[in-house]
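Let me begin by presenting the structure, written as structure tokens, before commenting on it.
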Amino acid sequence: LDRPVVFQLFGHLSAVPDYALTEEDVLEFVHSMQSETHRPQRLFDELGKSQLLILGSRFPDWLARFFLRSARRERLWLARGKTDVLADSRAREDAGLVLFLQHFSARTKVYQAGGAVELVDELARRWAERHPALPSAPELATSVAGIASVAGGGTLDMLPGAVFLSYASEDRPVVEAIREALESAGVDVWFDRDALKLGDAYEAKIRNNIEKASLFLPILSRHTLTPSRRFFRLEWDQAERVALQVPPSMRYLVPVAIDDIPPDEPALPERFRKINWVRLEGGKPTPDFVAAVRQLYRDYQKATAVAP
């Protein structure tokens, strides 16, 4: 938004009783939003392209569904790109709402560790672990990995030094599990190329993210041997270029095999074939794998830290 704007969706306290007091009042206000005269056009336009965080609202099931749907330009099950987060103890305990979101809104994440207070505490803890020095308010706003990352979603902008996951789209469910395991261990991860919008200079942003990454993990599987032209090969090519600039004492390329793909497969880049792979049985991230990536990630952070 160009300047702060307050939307009083359920009215405001005044001498004229034009505000929601009961659930029936809320229903009427929501109904009025469907009309062209009362619809908050600017708000819905902004929600359509920005991540939505619902914090401690205690919305009933039907109202939470309404706002989540209003924040999307298409049906929930068709939605792609941005991730919305629901951090509310009432919503988390509502089995019907949670089941609905699991089936129809995979891009909506319910924070499972508690409500609004617990989410803020978790963000503060992660910030303190990564930045021992006391941060200023502006630094906190710009450097935290992102609300969606805490709740299990991807972020649009990659933090410098994050781990870049490159994969074939068919392997996305496996890669999401790898990402969740790494983030739970305190590793910043970027893999969601679907989050990039048309106006983001797609290829340039991908190249920039690969150059900023501490590690590049190509997720190798039979799906990456397809003869069709695929975007992940452009990511591989860029990563090989970056690897040439990395000192021999530091590791940048970490190939991860998630099925029985052979290490001498000619369809793979020669540099990948010469590096020792990590093999994850069934594509499941093991504690040893997570610990190894976390150590490499921390080694990079220490090596590139600027002394005060």
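Computation of the quantities below employed the complete heavy-atom set of this structure, encompassing side-chain atoms and omitting hydrogens, waters and symmetry-equivalent molecules.
For the atom pair NZ of Lys274 and CD of Glu270, the computed distance is 4.0 Å after rounding to the nearest 0.5 Å. In this structure, CD in Glu176 is found 11.5 Å from CG in Asp171, a value given to the nearest 0.5 Å. The line from CG of Leu234 to OG of Ser166 is 9.5 Å long, rounded to the nearest 0.5 Å.
Ion pairing between Glu122 and Arg125 holds under the 4.0 Å rule for side-chain N and carboxylate O.
Identified under the side-chain hydrogen bond (donor to acceptor under 3.5 Å, both in side chains) test for residues 240-257, with sequence neighbours left out: Asp237-Arg241.
Minimum interatomic distance between Gly161 and Gln301 (heavy atoms only, all atoms of both residues): O-NE2, 3.3 Å. Considering every non-hydrogen atom in both Pro263 and Arg279, the closest pair reads CD-NH2, 3.6 Å. The shortest heavy-atom contact between His223 and Phe232 is O-CZ, 4.4 Å. Annotation for Arg172 and Tyr167: closest pair NH1-OH, 2.9 Å, computed over non-hydrogen atoms. Between Gly283 and Val174, the closest heavy-atom pair is O-CG1, 3.4 Å.
Not counting sequence neighbours, the partners of Arg222 by the side chain to side chain contact (heavy atoms under 4.5 Å, CB included) test are Leu225, Asp259, Asp260, Pro262. Every residue two or more places apart in sequence or in another chain that forms a side chain to side chain donor-acceptor pair (under 3.5 Å) with Arg230 is listed here: Ser169, Glu170. Every side chain to side chain donor-acceptor pair (under 3.5 Å) that Glu211 has, sequence neighbours left out, goes to Gln238. In this view, Phe272 and Trp236 satisfy the ring-ring contact (aromatic ring centres under 6.0 Å, His included) rule, not counting sequence neighbours.
Between Phe216 and Ile210 there is a side-chain heavy-atom pair separated by less than 4.5 Å. Inter-residue side-chain proximity for Trp190 and Ile206 is flagged as met; some heavy-atom pair is nearer than 4.5 Å. Two residues are said to be in side-chain contact when any heavy atoms from C-beta on lie closer than 4.5 Å; Val163 and Ser214 meet this criterion. No side-chain heavy atom of Leu55 sits less than 4.5 Å from a side-chain heavy atom of Asp88. The shortest side-chain heavy-atom distance between Arg271 and Leu253 falls under the 4.5 Å cut-off.
In the displayed structure, Glu281 atom CD is contacted under 6.0 Å by at most 12 heavy atoms of other residues, nucleotides or ligands.
Under a 3.5 Å cut-off, the side chain of Arg294 and the backbone N or O of Val187 do not form any donor-acceptor pair.
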query = How far apart are the C-alpha atoms of Leu165 and Arg179, what are their side-chain angles, what is the distance that settles it, and do they pass the side chain to side chain contact (heavy atoms under 4.5 Å, CB included) test?
reply = CA-CA 8 Å; Leu165 301 183; Arg179 186 260 304 165; 4.1 Å; yes
Side chain to side chain contact (heavy atoms under 4.5 Å, CB included) assessment of Thr224 paired with Ile261 = CA-CA 9 Å; Thr224 61; Ile261 180 174; 4.0 Å; yes
request  = Check step by step if side chain to side chain contact (heavy atoms under 4.5 Å, CB included) holds for Leu86 and Leu97.
outcome  = CA-CA 11 Å; Leu86 187 57; Leu97 176 59; 4.0 Å; yes
request  = Evaluate side chain to side chain contact (heavy atoms under 4.5 Å, CB included) for Leu220 paired with Val256, printing each intermediate quantity in order.
outcome  = CA-CA 6 Å; Leu220 307 179; Val256 179; over 6 Å; no
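In terms of hydrophobic clustering, with Ile, Leu, Val, Met, Phe, Trp and Tyr side chains grouped at heavy-atom distances under 4.5 Å, Val98 and Val85 are assigned to different clusters. Clustering ILVMFWY residues whenever any of their side-chain heavy atoms sit less than 4.5 angstrom apart, transitively, puts Leu280 in the very cluster that holds Leu217. There is a path of hydrophobic side-chain contacts, each under 4.5 Å, that joins Val242 to Phe164.
Both the sub-6.0 Å distance and the 45° axial angle are satisfied by Arg65 relative to the ring of Phe100.
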Name the atoms and distances for all side-chain donor-acceptor pairs under 3.5 Å in residues 284-292, with sequence neighbours left out.
unit_1 : atom_1 : unit_2 : atom_2 : d
Thr286 : OG1    : Phe289 : N      : 3.1

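Side-chain atoms of Thr108 and Asp84 form no donor-acceptor pair, as typed in the model, at a separation below 3.5 Å. Side-chain atoms of Tyr297 and Asp188 form a donor-acceptor pair, as typed in the model, at a separation below 3.5 Å.
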